[in-house]
Number of protein chains: 2
Amino acid sequence: MSAAPDLQPAFRALADPTRRDILKRLSAREMTLAEITAHCDMTRAAVKKHLVVLQDGNLIQMRRSGRETLSSLNADALKPVVNWLTYFESFWDTHLGALHDTLSDLKDTELEDKE
Amino acid sequence: MSAAPDLQPAFRALADPTRRDILKRLSAREMTLAEITAHCDMTRAAVKKHLVVLQDGNLIQMRRSGRETLSSLNADALKPVVNWLTYFESFWDTHLGALHDTLSDLKDTELEDKE
DNA sequence: TAAATAGGATACCAAATGGAATCATTTTAG
DNA sequence: CTAAAATGATTCCATTTGGTATCCTATTTA
């Protein structure tokens, strides 16, 4: 059996909106530092730091190709995070009398959330 | 339709292990500041600050009862967070050839995770 | 090979964060 | 009524964090 993952680096990495945005962009394709920076409204060095934090959380990998470094998403690392949160699923809606359908709520949120 | 929730305060609140621990404890029952502090190995004032951050993320509510304040979990506020993360579900296991059964992986993680 | 590209590595800064200490306020127990 | 209990509010401090500016190294490519 594998050891329990340390959730802290992943939760830490997810706590910044710039980093969450980078994750979404990397879900489309792997990108160079310059490409990511083009969307981030901050310097290359600042974006690089965010990438290191994401790497610490194991949420991305980086591979060198010639003079550029490609960052790619490691979505699997989100599984333990989702699992931690899923523990609370049984407490949803308790104070409202469980009138809402959880699945339809989730779908609504997905459509509305612009982040 | 409701407005898209701002995920930042919730992700921020979840980024600290003490706060995640408090959430787990509050899932059992509402607790006073003194009760929570008894488990936290830090001063009452420090725990109080964590409670305020959790409240900012809408993850808990506080109600005054006489001279004590009861904090209780608002698990519903985790739904948008889970939903944001669920977007990445379609990217799980992609680099491994999708050999793993996602559900069994989640179950394993749940059993192992001690946090 | 020389110049332009793409990153890495540091040093430095202001602001946010985690925590302790202290003092004030409200309730409840005698 | 008075003291103890429970919390709130404020201040202060060290560390971390998000960012910029700079300098350095490795690749391309004209």
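In what follows, chains are A, B, ... by sequence order, proteins preceding strands, each numbered from 1.
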Pairwise distance OG1(B:Thr18) to CD1(B:Ile22) - rounded to 0.5 angstrom: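 Separation between the atoms: 6.5 Å.
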Are OP1 or OP2 of [N] and a side-chain N or O of [X] less than 4.0 angstrom apart?
{"X": "B:Thr69", "N": "D:dG8", "value": "yes"}
{"X": "B:Arg19", "N": "C:dG18", "value": "yes"}
{"X": "A:Thr32", "N": "C:dG7", "value": "yes"}

Starting at [atom1] of [X] and ending at [atom2] of [N], how long is that distance when rounded to a whole Å?
{"X": "B:Met62", "N": "D:dA6", "atom1": "CE", "atom2": "P", "result": "18 Å"}
{"X": "B:Leu70", "N": "D:dA6", "atom1": "CG", "atom2": "C1'", "result": "12 Å"}
{"X": "A:Met31", "N": "C:dG7", "atom1": "CE", "atom2": "P", "result": "11 Å"}
{"X": "B:Leu51", "N": "D:dT7", "atom1": "CG", "atom2": "P", "result": "10 Å"}
{"X": "A:Lys48", "N": "C:dA11", "atom1": "NZ", "atom2": "P", "result": "17 Å"}
{"X": "B:Arg44", "N": "D:dA4", "atom1": "CZ", "atom2": "C1'", "result": "13 Å"}
{"X": "A:Ile36", "N": "C:dG7", "atom1": "CD1", "atom2": "C1'", "result": "12 Å"}
{"X": "B:Met42", "N": "C:dA21", "atom1": "CE", "atom2": "P", "result": "13 Å"}

Give the cluster check for A:Met62 versus B:Phe91: same hydrophobic cluster or not, with ILVMFWY residues linked at side-chain heavy-atom distances below 4.5 Å.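 In one cluster: yes.
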Single-linkage hydrophobic cluster, 4.5 Å side-chain cutoff, A:Leu51 and A:Leu70 together: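 Shared cluster, no.
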Of the candidate nucleotides [options], which contains the atom at the shortest distance from the side chain of [X]?
{"X": "A:Arg12", "options": "D:dT17, D:dG8, C:dG8", "value": "D:dT17"}
{"X": "A:His50", "options": "C:dA20, D:dG18, C:dG7", "value": "D:dG18"}
{"X": "A:Arg67", "options": "C:dA6, C:dA29, C:dG18", "value": "C:dA6"}
{"X": "A:Lys49", "options": "D:dT20, D:dT11, D:dG8", "value": "D:dT20"}

Pairwise side-chain contact, A:Trp84 with B:Lys24, heavy-atom cut-off 4.5 Å (strictly under):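 Of all side-chain heavy-atom pairs linking B:Lys24 with A:Trp84, at least one is under 4.5 Å.
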Are A:Arg12 and A:Val53 side-chain neighbours, meaning at least one heavy-atom pair lies under 4.5 Å?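 Yes. Closest side-chain heavy atoms under 4.5 Å.
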Contact summary for B:Asp16 and B:His50, nearest pair of heavy atoms: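 Minimum heavy-atom separation between B:Asp16 and B:His50: OD1-CE1, 3.6 Å.
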If you find the nucleotide of DNA chain D closest to B:Leu33 and the one closest to A:Ala46, which residue's nucleotide is nearer the 5' end?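 On the 5' side of the pair lies B:Leu33.
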Residue whose closest nucleotide on DNA chain D lies nearer the 5' end, B:Arg64 versus A:Asp41: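 This one resolves to B:Arg64.
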Steps toward salt bridge (Lys or Arg N to Asp or Glu O under 4.0 Å) verdict (B:Arg63, B:Glu30): CA-CA 10 Å; B:Arg63 69 180 178 87; B:Glu30 61 180 5; 2.6 Å; yes
Select base, sugar-phosphate, or nothing to describe what B:Ala45 touches, counting heavy atoms under 4.0 Å on all strands.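 Base contact - B:Ala45 has a heavy atom under 4.0 Å of at least one base atom.
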Side-chain donor-acceptor pair present, B:Gln61, B:Ser72, cut-off under 3.5 Å: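 Yes, B:Ser72 and B:Gln61 have a side-chain donor paired with an acceptor closer than 3.5 Å.
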Please list residues of residues 52-59 of chain B whose heavy atoms come under 4.0 Å from any atom in DNA chain D, ordered by number; otherwise none.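 The answer is none.
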